[in-house]
Peer 1: 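Input: one structure, supplied below.
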Amino acid sequence: MLLCTLLSACTGFKVEEPAPQPAPPIAGATPAPEAEPEPIPQAAPEPTPQARPAHKAKPAAKRPPKPQHKTAPAPTAAAEPKPARFLPDVAILVSKDVPAYTDVSSKLTAELKHRAKTYTLNGNPATLTRAIGKIQWSEQVQVIAVGLHAARAAQRLSGKQVIFCQVFNYEDNGLVTSWMKGVSMIPNLRRQFRAWKALDPDLQKVGVITGTRKQHVIALARDAARDLGIEVIHRVVGSDKEMLYTFQRLAPEIQGLWLLPDNRVLSRHVIRSIMSYSVKQGKEVVVFSPQLLKVGGLMSVTSRHTDIAAQVIARLRQAQGQPNIPGPEVIPLTEARIQINTAMAKRLGLVIPQQYRRLAYEP
Amino acid sequence: MSHERSESLGRWNKRSSNGAQRFALATILTRFKAGWRPRSAGLDIRVVNTRLLSRKDGSSLVGRIQLLQLVLGLFVYMLAVGGLWWTSGRVSDDYFHKQAVQWLAKLDELGTQFYVSQDRAQFSGIEKHVSGFPEIAFVRYYSATGHGLLAKYNANPLDDEAIPSLGRDQFDALRDLSSAEQPYLFDNPGMSGSIVRAAMPVWIKSIESDGLLGFDLDQDQGEQRELIGFLEIGLDTSNYRSQLLKNIAVGSIVVAVLLLALILTGRQIIKRALRPLSDLQKPLAKLARGETNIIVENSGHQEIAAIGNALNTTISAIKERDDTLRRLADHDHLTGLVNRYCFTQKLGREVTRVAHDDRSSALLFIDLDHFKLVNDTLGHAAGDRLLVQVADRLKSCVLEKDTVSRFGGDEFTVLVPQVSADTAANIARSIIKILRDMHFVENGQVFNICCSVGITLIDTDRYTPDELLAQADMACYEAKSRGRSCYSLFAGRNDTDQMMAYIGWSQKIKQAIDNDRFVLHYQPIINVRTGRPELFEVLLRMPDGGKRMIEPAAFLPVAERFGLMIDIDRWVIRNALRALGELRATEGTARFCVNLSGHIFEDPHLVRRVQDSLEANGLPPSSVIFEITEQVAIRYLYNASRHMQELMDMGCQFALDDFGAGFSSLTYIKRLPVDYIKIEGSFIENMANDSIDQAMVRSIIQIAQTIGKRTIAEYVHDARSLEILREFGVDYAQGFYVGRPSRTPASPLSNGSSE
């Protein structure tokens with residue numbers, strides 16, 4: 001059944017642009033029409049850091065649909081994982097009851113079925129203590145933490161494998177250990193830059209301003225952008241005030257701003273100011289929320305919850321039966337949900353390519 | 001008693017009453033000529049004009065309006081300038097605050113790197129930037145604790161100490177502004193107040209962890225704030241304020257010039273608009289001076305034209321009223337002849353003319369004979385009609401240049417200029433003849449009117465008009481005494497002597513009153529049934545200096561002419577009651593009949609005087625019977641009735657004297673409150689031989705009895721008359737047969753000390 005689902009899911013763009021080692025598909029992961037991943041026929045498939053380069057990926061049609069264990073995901077790691085004889089139960093810690101977390105949790109629960117046990121913390125210390133206690137003394141050896149709060153709670157566990165997701169600043173919180181690793185919160189970088197480049201073929205320099213310790217993500221972004229002829233200029237700031245100040249000074253150098261959801265250096269006032277300034281200065285801004293399109297964002301790029309869930313499960317499977325979680329600290333997402341602000345595109349003199357028009361956002 | 005009264009008494013009474021009217025008119029005329037106006041529209045206008053034209057401040061209406069306009073203009077100017085100052089101050093404060101806020105935002109942005117690095121070198125860029133703006137007096141960056149001044153900029157380093165740093169309270173206040181929409185503090189430090197200081201906290205914000213998942217831009221919740229310092233700025237507003245001051249000064253001058261122009265324009269407009277009103281000033285001033293030959297020009301303005309029309313109407317009314325008053329003042333309203341005042345004025349002018357002219361003039365004084373008879377028998381209305389006819393006749397027999405006046409009552413005067421004595425005599429004869437030929441018909445009766453004329457020639461200015469009138473009056477009196485219907489020419493010296501004799505008489509009467517030189521005689525009145533003297537009539541006599549006594553007929557006319565009658569009445573009452581008191585001490589039932597003239601009823605204290613005398617002499621009021629003639633009672637009907645009633649209420653009694661002498665007797669007998677009726681003596685005198693008199697006496701007695709009055713018959717000269725009277729039922733009798741007047745009350749028929 002899982003295989004059928006995987007095949008069904010792969011009949012979309014993934015069939016045309018398969019990842020070399022795609023994450024196992026998740027049941028019910030077919031995207032909603034408005035969130036249809038963009039077809040990028042000419043672009044190379046996006047590899048995960050551990051995946052093969054896109055040009056080396058096998059065509060999906062030629063990939064033999066080998067039947068495997070119905071719950072076993074397709075291997076995404078470099079080494080071919082062997083199917084586990086039995087699958088352990090998984091505890092899902094959810095930071096709070098918001099769609100960004102619960103949607104991911106729901107996808108995970110649907111995939112893990114009876115093996116999943118969900119704990120929603122909602123900021124309640126008593127709930128957190130009880131949940132941690134139960135998980136600690138349960139047979140569950142794998143834990144999924146959705147959100148920073150849940151991830152930080154999971155730090156208290158011992159003898160468990162923890163995969164966190166929906167956490168941006170995992171570096172500041174020391175979340176990465178040998179038994180605790182994560183899935184990136186940032187949508188697929190190549191898809192983002194590819195779409196941006198398709199929208200503005202003249203795009204050469206984009207800026208990105210973050211707080212500290214984001215060099216890894218920036219390096220990945222630079223790699224992804226470089227292939228498209230885009231230079232990513234990065235600035236590190238310490239506050240929202242500095243963010244705005246830095247942006248205003250950076251603005252002359254760049255054509256667009258890649259606005260990352262770094263809560264440490266963003267405030268609503270600064271977001272508004274940046275958007276306002278960008279509009280006035282004619283700067284393209286790629287934002288992390290469709291809501292910012294209405295205040296001047298050119299393109300919003302958000303992650304797919306199914307993508308997150310698939311990557312999480314893939315990591316669980318990789319770690320299954322091993323003392324530590326293998327692989328990088330955080331694995332990237334493979335997909336991106338893109339919306340394009342037609343009004344801003346028009347204002348900036350950009351022509352939305354045919355293949356992206358169905359992703360247009362009308363403010 | 002009727003024989004003892006002069007006929008001229010009534011004439012002088014009439015003259016006196018008409019004199020009051022003449023005096024009133026003369027007073028009106030005098031006041032009128034002096035500028036007085038009756039209380040009317042004319043008077044009101046005069047008052048208004050006086051106020052309008054003679055205000056103490058001397059300002060005109062136009063001037064007052066202009067003054068008001070000026071004051072109003074000044075007020076508006078002050079208000080405008082004050083409002084300009086206030087508004088400018090408010091606006092400039094608001095402007096400076098906004099400026100400060102903008103600068104704070106700018107400095108907050110510029111200071112971001114400085115706060116991040118805490119590097120003083122970063123501040124130099126800010127210094128360089130703000131130094132290009134002279135309005136920035138200082139900039140200060142503080143640490144988050146507020147204790148440390150991270151960096152500062154002073155446009156004028158010398159002023160560094162002038163503006164103190166923010167205090168602890170201010171830092172605390174700024175910290176508390178975290179939730180405020182406008183997190184700013186403003187004040188004006190320093191002595192000059194030209195520095196506007198603004199301060200704000202410097203915050204950094206961040207969205208809470210994972211807050212960007214499910215991010216909502218419109219919700220401000222879920223942000224974390226961190227205070228990283230404070231920012232202070234001082235704006236030097238002195239240049240701006242001095243410029244503002246200059247602008248306001250210029251604006252004030254412009255407003256003042258505009259207002260001045262407005263006032264000057266308004267002045268011209270008001271003057272032009274009120275010119276028709278100002279034009280009213282002249283005619284109104286003339287009107288105020290008493291001139292009525294003016295016409296107020298009507299302007300084109302509706303309101304002022306209405307005023308002009310109203311003034312013209314009022315002036316016309318005043319003119320008519322003036323004419324009426326002048327006519328009333330100069331003419332007798334009954335006959336239309338000039339009155340005494342006017343005649344006297346003309347006479348004065350004639351005297352003046354005669355002094356410069358050889359030709360003499362004549363003054364004729366005409367007194368109607370028997371006018372009193374017509375007046376008494378036919379009433380005053382008939383008398384008035386007679387006077388009108390006489391006036392018409394007199395006007396018909398003189399020339400245009402002659403002046404005929406009604407001098408008073410039945411007296412007329414004629415001023416005939418430039419005539420000789422003979423001509424004047426001819427005119428007098430002509431007047432006498434015309435009036436003699438006139439037949440006055442009233443109620444089917446025909447009355448022949450005759451007159452007496454006194455003439456005096458005016459050939460010198462030695463005599464005043466009043467003296468000339470007295471001369472003519474004297475001559476008229478002489479003519480009347482010579483048998484009426486004739487004239488007499490004032491004979492100069494001799495008549496002057498006679499006039500002086502009159503004056504001598506009046507002095508004698510005054511002396512007699514003052515020195516108690518009058519003498520009272522008493523004539524008994526008997527009860528016809530018993531023959532006993534129950535009453536005594538008190539008769540007045542004046543010694544002539546020797547043993548002879550002068551009867552009232554000789555001096556009463558003079559007394560009445562000189563207004564001495566009321567004094568004589570008072571003397572008689574006082575002395576008669578004293579004598580009665582002495583008499584009743586011996587003869588306890590004696591009662592006196594005291595004669596009163598009509599003048600005593602004009603004394604408001606008559607009743608009190610009588611009461612005092614009665615009490616002083618221990619007399620009961622019923623012991624006194626006051627006698628009045630029916631003519632007196634009728635002439636002074638109101639006062640007489642009132643006083644009579646009060647005296648009768650007190651207990652005194654009244655007798656109506658000479659009843660039957662006038663035809664109106666029966667009319668008034670019911671209205672007069674009398675107890676006794678004294679039958680006219682002429683009916684009694686020859687009654688024994690005259691059956692008509694007997695019939696009349698019997699009728700009077702029967703009427704008196706019918707209405708409950710007792711009767712007294714006087715002039716009883718013989719026994720036969722007394723017998724007849726007894727038969728007729730008369731109650732009392734008086735006469736020489738009953739008893740002559742004597743110095744002391746004596747028994748009847750005793751003929752004591754008789755006259």
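Every chain is numbered from 1 and lettered A, B, ... according to where its sequence line falls, protein lines coming before strand lines.
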Peer 1: Using heavy-atom distances under 4.5 Å, tell me whether A/Pro99 contacts chain B through its side chain, its backbone, both, or neither.
Peer 2: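 No part of it gets close to chain B.
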Peer 1: Which bit of A/Ile271 is near chain B, if near means a heavy-atom gap under 4.5 Å: side chain, backbone, both or neither?
Peer 2: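 Contact with chain B is through the side chain of A/Ile271 alone.
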Peer 1: How close do A/Val312 and A/Cys165 get, counting heavy atoms only, and between which atoms?
Peer 2: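 Shortest heavy-atom contact: CG2-CB, 3.9 Å.
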Peer 1: Looking at chain A, which one of B/Ile228, B/Leu110, B/Leu213 has the largest number of heavy-atom pairs inside 4.5 Å, strictly under?
Peer 2: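 Option with the top pair count is B/Leu213.
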Peer 1: Filter on salt bridge (charged side-chain N to carboxylate O under 4.0 Å, His left out), then keep only pairs touching residues 254-263 of chain B, sequence neighbours left out; what's left?
Peer 2: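 Non-adjacent pairs meeting salt bridge (charged side-chain N to carboxylate O under 4.0 Å, His left out): zero.
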Peer 1: Give the minimum heavy-atom separation between B/Ser92 and B/Tyr240, together with the two atoms involved.
Peer 2: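 Looks like CB-CE2, 3.7 Å.
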Peer 1: Please name all residues satisfying ring-ring contact (aromatic ring centres under 6.0 Å, His included) with B/Tyr141, sequence neighbours left out, ordered by chain then number.
Peer 2: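 Checked B/Tyr141 against ring-ring contact (aromatic ring centres under 6.0 Å, His included); matches are B/Phe114, B/Tyr115, B/Phe123.
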Peer 1: Under 4.5 Å from any heavy atom of chain B, what part of A/Met185 do you find: side chain, backbone, both or neither?
Peer 2: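 Just the side chain, heavy atoms under 4.5 Å.
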Peer 1: Quick check on A/Asp172 against chain B: is it the side chain, the backbone, both or neither that has a heavy atom closer than 4.5 Å?
Peer 2: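 Interface part for A/Asp172: neither.
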Peer 1: So which pairs with a foot in residues 239-251 of chain A pass side chain to side chain donor-acceptor pair (under 3.5 Å), sequence neighbours left out?
Peer 2: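 Every pair satisfying side chain to side chain donor-acceptor pair (under 3.5 Å) with a residue in residues 239-251 of chain A: A/Asp240-A/Ser267, A/Lys241-B/Asp108, A/Tyr245-A/Arg249.
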Peer 1: Are any non-hydrogen side-chain atoms of B/Glu226 and B/Trp203 less than 4.5 angstrom apart?
Peer 2: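 No, their side chains stay 4.5 Å or more apart.
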Peer 1: Does some side-chain heavy atom of A/Ile186 sit less than 4.5 Å from a side-chain heavy atom of A/Gln192?
Peer 2: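 Yes - at least one pair of side-chain heavy atoms lies under 4.5 Å apart.
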Peer 1: Select all residues of residues 284-296 of chain A having any heavy atom within less than 4.5 Å of some heavy atom of chain B, and report them by number, or 'none'.
Peer 2: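 Contacts with chain B: A/Phe288, A/Ser289, A/Gln291, A/Leu292, A/Lys294, A/Val295.
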Peer 1: What verdict does the salt bridge (Lys or Arg N to Asp or Glu O under 4.0 Å) test give for A/Glu171 and A/Arg213, after you've listed the backbone C-alpha separation in whole Å, the side-chain angles of each residue and the deciding distance to 0.1 Å?
Peer 2: CA-CA 7 Å; A/Glu171 301 93 339; A/Arg213 306 179 68 178; over 6 Å; no
